[in-house]
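What follows is one structure encoded as structure tokens, with my remarks underneath.
It should be emphasised that the depicted structure is a prediction, and the values quoted were computed from it without experimental measurement. Quick note on labels: first sequence line is chain A, next is B, and so on, each numbered from 1.
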Number of protein chains: 2
Amino acid sequence: MRVRLEDVARAANVSPKTVSRVLNDEANVTEATRQRVRAAMEAMDYRPHPSARSLAGNRSFLVAMLYDNNDNPSSTYLAEIQDGVLEACDAHRYSMMVRPLRMRDGDFIRRFDALISDHHPDGVVLTPPLTDYAPLLKRLRERNVPYASVSPLRKGKTLGVTMDEQQAARAIVDHLLALGHRRIAHVIGIANHGASRWRLAGYREAMAAAGIPEEPELVVQGAFTFASGVAAARQLLSLPTRPTAVFAANDDMATGVMWAAGEYGLKVPQDLSVCGFDDTPLSRQLWPALTTVQQPSREMGRMAAEQLLGELRNHGSGRLVQVPFSLQIRGSTAAVP
Amino acid sequence: MRVRLEDVARAANVSPKTVSRVLNDEANVTEATRQRVRAAMEAMDYRPHPSARSLAGNRSFLVAMLYDNNDNPSSTYLAEIQDGVLEACDAHRYSMMVRPLRMRDGDFIRRFDALISDHHPDGVVLTPPLTDYAPLLKRLRERNVPYASVSPLRKGKTLGVTMDEQQAARAIVDHLLALGHRRIAHVIGIANHGASRWRLAGYREAMAAAGIPEEPELVVQGAFTFASGVAAARQLLSLPTRPTAVFAANDDMATGVMWAAGEYGLKVPQDLSVCGFDDTPLSRQLWPALTTVQQPSREMGRMAAEQLLGELRNHGSGRLVQVPFSLQIRGSTAAVP
DNA sequence: GGCAGGAATGACAGCGCTGTCAATTTGCTA
DNA sequence: TAGCAAATTGACAGCGCTGTCATTCCTGCC
């Protein structure tokens, strides 16, 4: 029925253990033997039984991707990360499981423990905002589970992948400055997200570099949601002297800003320039299309998983790598009148 | 270290096999014994080792969710389905894996075979358009892998979940008719999707019921994408006598229609009513917000998985269940001038 | 009170692989 | 060419559970 390792061994005229060595890329197998075994595997279309491997070898060949489906940075973003992680896992013949987990829930740690006890993943990929949830990181270390992060806030010895969000934010604000804007507002994202801090920092850096003193009334708190963008924009557009441009910390909020502009009878970009961050599919479907920053999310998922798998293969090899961003200049920004 | 079934057996003073019986809810265990074993499991926080279970029991406790990340009905839709499937799997202590697979790829079946051979899922959940990809269905049957479908086109003996899309489409067109519209256009979705056919059928049914003969020029082909919506609308809005309302087969295309209306200097809904289907988050973020049909996607994912798991537990119990839709009347539709 | 027949429980092997350690072969050096 | 260390290969047990089948324990009934 099913082809087993033993069958391959018989066909290649070696012991099962030697086939196992070839399967796991272990050392101390002559090239000739290795070839012979590989050929037999190929010929018989041998597929190792993952459960048997994991039972005997005490490893699961499983990577768990954790996300918070409550405080969650858009499902599109997560879907892309997930595709990337999956791609990397596939390439290394690992399997992947996904796991929504809510920071706000009281039993977060209990649920996390259950995940580990039930499935024994060899490693974990963290997505924002879980990347910086201290109780989780603590528990991961206690239970000695390797992990890699996508866009972590704190970049200590963490492995994973980041983008220079501050530089990206600065670049987009520089773009507004180049168009002649001076009264540029910023809508901040959820407070505990690294993304919010970096983007704010980039905004400040650009403004400072242009010699424009910060006006506290132009920097308002949002929460990464469309509704929070609307609320923030209403606050900004009710000011005695309105901003001529708004940089929202993500596309959903920028969309909210555009909506609110409509309420105030303002045309984008003629009366108000708006830009966002993330390049969600939505941003291209708006009218006008949104000027924003593109993050290579899928690639970031892939690279984070790649680092994790590297670390699993040989301890100490995992890094925190950085990927480049790109500005998407579209119709929602224009020169001041 | 780890608590094993054997340890529980010793604590409860029964044989390992009896613990196994309790674990698997098998018959022929006295209630007293069952309680005692349960208590011991609880007290020791026993977690069965999934690999050992699956190796010995010849089942994987794994459900694979398949999707086409190429011809794909929006990532938000899929993310919701996925969350639903996951919820059901969790409740039944199954694990879930996700698998993108492209119908367009030449090696679709090879990849599918690899998935089955590598991971041995006990069952599979299919999402559109894979629900109706004949070669896949054929192979599933050949390999004797149980599956459940979300919104399958052909509803034979399939298990899974559907919504009465035709009724929903009819309802939304009835809404337009009630507003006084007579020249109502329809933008069709991708040809091989069941969704496209039902929605078109619903449109026709409503128009016929209102006694309005079909005008072929008012029914144009789209492809579920924003761009295709724009193209379709340009075609419609260039007609000598324009439609006063457009029903697009999904929200993305409806968004495209709204964009194109802008190009033609038409205001929505004053000059043109637009409605979609799906209730994507996008639909609420537009301005005006889109009148559309809400599908309970998450719930549909959960129910499809529920049917599959029921079928796995006892063969023949799986059904094709139907969920209700709800109309979301918002700002993009209004009475004819 | 004895016995048939079904319910409850247990003994034991083995699922397909890998870890450990022993046996064998190879490649050097003297 | 013997002798030794290192490289290569293999034998065997066992990972934690469940399937099969044997055994024991109850019932109810004549």
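- Computed from coordinates, the A:His49 NE2 to C:dC15 C1' distance equals 8 Å when rounded to whole Å.
- In this structure, B:Arg47 places its CZ atom 20 Å from C1' of D:dC15, rounding to the nearest Å.
- Side-chain proximity of A:Tyr46 to D:dT9, D:dG16, C:dC17: nearest is C:dC17.
- Across all strands, B:Ser51 comes closer than 4.0 Å to no nucleic acid atom at all (heavy-atom distances).
- Few gaps surround CG on B:Asn24; more than 12 heavy atoms of other groups in view lie less than 6.0 Å from it.
- Scanning residues 112-121 of chain B for heavy-atom distances under 4.0 Å to DNA chain D yields an empty list.
- The separation between B:Leu55 atom CG and C:dG14 atom P is 14 Å, rounded to whole Å.
- For the residue pair A:Ala40 and A:Ala11, the shortest heavy atom distance occurs at CB-CB, 4.4 Å.
- Side chains of A:Arg47 and B:His120: a donor-acceptor N/O pair is absent below 3.5 angstrom, by distance only.
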Distances under 3.5 Å between nitrogen or oxygen atoms of protein and nucleotides 19-27 of chain C:
from	atom 1	to	atom 2	distance (Å)
C:dG19	N7	A:Lys17	NZ	2.9

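- Side-chain N/O atoms of A:Thr30 include none lying less than 4.0 angstrom from OP1 or OP2 on D:dA7.
- For the pair B:Asn13 CG and C:dA8 P, the interatomic distance rounds to 18 Å; values are reported in whole Å.
- If A:Val14 and B:Pro48 are placed on DNA chain D by their nearest nucleotide, the residue sitting closer to the 5' end is A:Val14.
- Checked by atom type, the side-chain pair B:Gln35/B:Glu31 shows a donor-acceptor distance below 3.5 Å.
- Smallest separation of non-hydrogen atoms from A:Val323 and A:Met303: CG1-SD, 3.4 Å.
- The 12-atom threshold is not exceeded at CZ of A:Arg313, counting heavy atoms of other residues, nucleotides or ligands nearer than 6.0 Å.
- Surrounding CG of B:Asp107 are more than 12 heavy atoms belonging to other residues, nucleotides or ligands, all under 6.0 Å away.
- Heavy atoms of A:Ser54 sit nowhere under 4.0 angstrom from any nucleic acid atom.
- With 3.5 Å as the limit, one finds no donor-acceptor pair spanning the side chains of B:Ser149 and B:Thr131.
- The side chain of B:Asn28 lies closest to C:dA7 when the candidates are D:dA11, C:dG16, C:dA7.
- Residue B:Asn58 is classed as having no contact, given no heavy-atom separation below 4.0 Å to the nucleic acid.
- Sparse packing is recorded around CD of B:Glu42, with 12 or fewer heavy atoms of other residues, nucleotides or ligands lying under 6.0 Å away.
- The CZ-P distance, from B:Arg53 to C:dG16, rounds to 18 Å in whole Å.
- The side chain of B:Ala52 lies closest to D:dC17, out of D:dG10, C:dA11, D:dC17.
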